[in-house]
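Have a look at the structure below, then the notes.
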Amino acid sequence: MINKSAMITICGRPNVGKSTLTNALAGEKVAIVSPKPQTTRNRITAVVNEKDTQLVIMDTPGFHKPRTKLGDYMVSVVKDSIPDVDLIVLVVEPIANIGPQETELLASIKASGCPCVLVINKIDTVEKTALLEVIATYSAAFDFDAVLPMSAKHRDGREELIKLMCSYAVESPPLFPEDMTSDQPEKQVCAELVREKLLRCLDREIPHGTAVEVTRFTERDSGIIDLDVTIYCEKESHKGIIIGKNGEMLKKIGAQARQDIERFMGTKVFLQSWVKVKENWRDSDVMIRNFGYGDM
């Protein structure tokens, strides 16, 4: 029976593995991941029930220097997620250097007064001896409650982090239903899975200028889902690249997305995709809100 809970924020610069860590903690895919930075745009909540404790884990966008209004929104999500939680988890790469993003985040964490744990991710990419310098560098800059080297990709260190998170729980009834693993509506998850494939299949700046809108989501009596999505990009030339020669790229993106959506929905899905151009939508307050970003 759940009688304790903890609200936890995961933060860090782009591409340090925050969403991979969130998925590892949740035990399933609740956040999209890609090798490209700034994959996460919204705060995504994962719900993890561990014996008598419910962990409400908030995965936040990568903290970066914004260049668009969408970037401004993403940074504000991070800052708004730091105060008034039971624990902050700062995720960094195993590099013995504190960059400007980490410096600014640490200042915000210190001002919040919330306890903070440092997770040094991607330890599978370096020699263990190199971690000592990383630990020393960060420990000299901030008084962390704990420092935990781990590999979110391989779930190495997951149980230790879960146990550590549970130690910050306070007496409370469950904040979410016990069978719930994420706060994301099904339509949003489907749109995000399509966007993940855009990030994985396309090069350079193009996928960062895309957004995905679900225009139809209906279920037949047989349980089959009919799903229509519109992919928005910022330039006509980008539209051609997304569609590809004879539509091959769009077919590839759709096929990969459909597989993941069927796995998520647990049923067969008929997916249809269209591509439209909305120039400079990332600097349009109206478009940002329409795509589910910004204050609704």
Side-chain angles (χ1 to χ4, degrees), residues 14-15 19-20 22-23 26 28-42 44 46 59 61 68 70 74 153 181-282 284 287-293:
N15 219 29
S19 294
T20 301
T22 300
N23 291 338
E28 63 179 75
K29 188 171 185 175
V30 297
I32 66 169
V33 294
S34 86
K36 294 182 175 66
Q38 299 171 36
T39 297
T40 302
R41 288 175 174 171
N42 263 327
I44 295 170
D59 178 26
T68 64
L70 176 62
M74 292 162 64
K153 180 180 179 181
T181 57
S182 176
D183 66 341
Q184 296 183 93
E186 290 176 340
K187 285 176 63 175
Q188 181 181 343
V189 174
C190 293
E192 283 290 274
L193 288 172
V194 174
R195 192 168 67 84
E196 179 186 66
K197 305 315 172 191
L198 289 163
L199 285 161
R200 289 184 173 273
C201 293
L202 298 170
D203 292 329
R204 300 175 185 170
E205 177 64 17
I206 294 171
H208 291 297
T210 59
V212 179
E213 180 183 24
V214 173
T215 53
R216 182 169 71 134
F217 186 100
T218 58
E219 184 176 354
R220 304 181 192 178
D221 292 339
S222 62
I224 294 174
I225 301 292
D226 288 299
L227 181 67
D228 293 357
V229 302
T230 300
I231 298 166
Y232 292 92
C233 59
E234 293 185 306
K235 296 180 180 180
E236 196 68 38
S237 60
H238 290 178
K239 177 180 177 179
I241 293 170
I242 293 169
I243 294 173
K245 187 177 181 180
N246 298 321
E248 289 302 315
M249 178 57 75
L250 188 59
K251 290 177 185 176
K252 177 182 177 181
I253 291 165
Q256 292 184 11
R258 180 179 54 77
Q259 290 178 359
D260 274 11
I261 292 169
E262 287 184 339
R263 193 176 299 114
F264 168 71
M265 296 299 302
T267 188
K268 189 171 181 63
V269 174
F270 282 97
L271 173 65
Q272 295 190 85
S273 307
W274 288 266
V275 184
K276 293 183 179 181
V277 178
K278 289 286 184 183
E279 293 187 5
N280 300 319
W281 71 263
R282 285 182 291 177
S284 166
M287 294 300 297
I288 289 171
R289 285 195 297 271
N290 286 346
F291 293 143
Y293 313 120

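Ionic pairing of Lys278 and Glu213 is not present here: no N-O contact between side-chain nitrogen and carboxylate oxygen is shorter than 4.0 angstrom. The residues Lys252 and Glu248 are annotated as not salt-bridged, no charged nitrogen and carboxylate oxygen being separated by less than 4.0 angstrom.
Taking both residues in full, the closest heavy atoms of Thr210 and Arg195 are given as O-CD, 4.2 Å, listed atom of the first, atom of the second, then distance. What you find for Val277 and Glu236 is that their closest heavy atoms are CG2-OE1, 3.5 Å. When all heavy atoms of Arg200 and Ser34 are compared, the pair lying nearest together is NH2-CA, 3.9 Å. Across every non-hydrogen atom of Leu271 and Arg258, the tightest pair is CD2-N, 4.1 Å.
At distances below 3.5 Å, at least one donor-acceptor pair connects side-chain atoms of Gln184 with backbone N or O atoms of Val30. The backbone N or O of Val33 sits less than 3.5 Å from a side-chain atom of Glu196, completing a donor-acceptor pair. Side-chain atoms of Asp59 never come within 3.5 Å of backbone atoms of Ile44 as a donor-acceptor pair (strictly under, hydrogens ignored). Checking side-chain atoms of Asn280 against main-chain N and O of Glu234 turns up no donor-acceptor pair under 3.5 Å. Listed for the Lys29 side chain is no donor-acceptor partner under 3.5 Å among the backbone atoms of Phe264.
Thr215 and Asp228 share no side-chain donor-acceptor pair at under 3.5 Å.
Distance CD1/Ile225 to CD1/Ile261: 10.5 Å, rounded to 0.5 Å.
In this pair, Phe291 and Tyr232 present their aromatic rings tilted. The plane angle is within the 30 to 60° band.
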